[in-house]
Number of protein chains: 2
Amino acid sequence: MQHYGEYIRALREAKNMTLREVEKLADVSNAYLSQLESGKVKQPSPLTLHKLSEIYGVSYDLLMEKVGYPTPERKENVKSESGKTSIAYRIGHISDDEELELLNYLKFIRTRKK
Amino acid sequence: MQHYGEYIRALREAKNMTLREVEKLADVSNAYLSQLESGKVKQPSPLTLHKLSEIYGVSYDLLMEKVGYPTPERKENVKSESGKTSIAYRIGHISDDEELELLNYLKFIRTRKK
DNA sequence: AAATATCGCTTGCAATATCAAGCAATGATT
DNA sequence: AATCATTGCTTGATATTGCAAGCGATATTT
């Protein structure tokens with residue numbers, strides 16, 4: 001997509017992590033992470049995306065797709081997490097924009113009382 | 001890993017194709033293809049690899065792996081009907097209170113527009 | 001045989017990925 | 001209040017991707 005930077009920033013902020021924390025974990029400079037999140041990088045390397053995906057707990061494929069790389073043909077049906085019905089089930093389909101707003105809102109409610 | 005160029009060249013020669021034929025099909029210059037096959041390129045873009053994988057009839061994942069990119073661990077992450085990883089997986093664990101707030105907020109943003 | 005086309009290849013060149021070093025603003029500590 | 005730490009960010013600098021243009025060598029055509 002075109003503004004995947006916002007999305008990556010939302011992922012970090014949802015976990016309340018600083019650029020320098022991620023820098024240490026991912027071994028990627030905070031300078032570059034900042035550029036990534038502010039949309040100044042067009043095609044970060046798959047290795048970088050992989051590291052971020054592990055830190056943020058999202059799938060590698062998802063980040064590849066967000067950035068605009070071809071992703072391996074994958075098709076699968078609805079799944080739920082262990083046991084209880086996932087929130088995705090109850091929510092139903094949500095758009096990319098809606099997801100971004102939800103992530104930002106989650107960050108908000110998690111930092112609200114501090 | 002380090003000799004993936006030879007491998008890519010073998011793929012092309014197995015199909016008796018010239019650099020310029022592949023150039024036209026993949027929309028990648030013969031100059032660059034030559035460098036690719038002679039080991040002068042370290043990390044070709046996933047898009048380039050994807051095009052080559054289609055032309056040579058091998059899997060995209062295989063070429064990604066040969067080049068040394070992290071390969072998508074086809075795991076058991078939560079997928080929705082669209083094939084995209086569900087938001088629940090991306091967010092990680094959320095409490096019941098958080099889920100309720102998110103659902104309410106989603107309702108809000110959906111009634112807000114137009 | 002001469003002219004022409006095609007082959008793989010090399011060489012600058014522009015665009016990009018990524019980093020180290022530093023900056024101003026804000027937060028914490030004394 | 002003054003000092004120190006931390007935050008996100010900007011700015012060169014370096015390495016790499018990928019291309020356009022050309023090269024010599026080998027076919028193919030006239």
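Computed from heavy atoms alone, side chains included, the values below leave out hydrogens, waters and symmetry copies.
Listed candidates were C:dC19, C:dT10, D:dT16. Nearest to the side chain of B:A31 is C:dT10.
If you measure from atom CG of A:L36 to atom P of C:dA17, you get 9 Å, rounded to the nearest angstrom. Here the P atom of nucleotide D:dT6 and the CE atom of A:M17 are 16 Å apart, to the nearest Å. Atom P of nucleotide D:dT26 and atom CG of B:L19 are separated by 17 Å, given to the nearest angstrom. Residue B:Y32 contributes atom OH, which lies 19 Å from atom P of C:dA14 at whole-angstrom precision. The distance between atom CZ of A:R20 and atom P of C:dG27, rounded to the nearest whole Å, is 16 Å. The nearest whole Å value for the distance from the NZ atom in B:K24 to the C1' atom in C:dG8 is 14 Å.
Taking the ring axis of B:Y4 as reference, the NZ or CZ atom of B:K66 does not stay both within 45° of it and closer than 6.0 Å to the ring centre.
Between the side chain of B:E23 and the base of D:dC19 there is no donor-acceptor pair of N/O atoms closer than 3.5 Å.
Counting non-hydrogen atoms under 4.0 angstrom, A:T48 reaches the backbone sugars and phosphates but no base. At the heavy-atom level, A:S29 lies under 4.0 Å from base atoms of the strands shown. If you check every strand for non-hydrogen atoms under 4.0 Å, B:Q43 touches sugar and phosphate atoms only. Among the protein residues, B:E37 comes within range of no part of the nucleic acid, since none of its heavy atoms lies under 4.0 Å from any strand.
When the side-chain nitrogen and oxygen atoms of A:K40 are compared with OP1 and OP2 of D:dT10, one or more of them lie within a distance under 4.0 Å.
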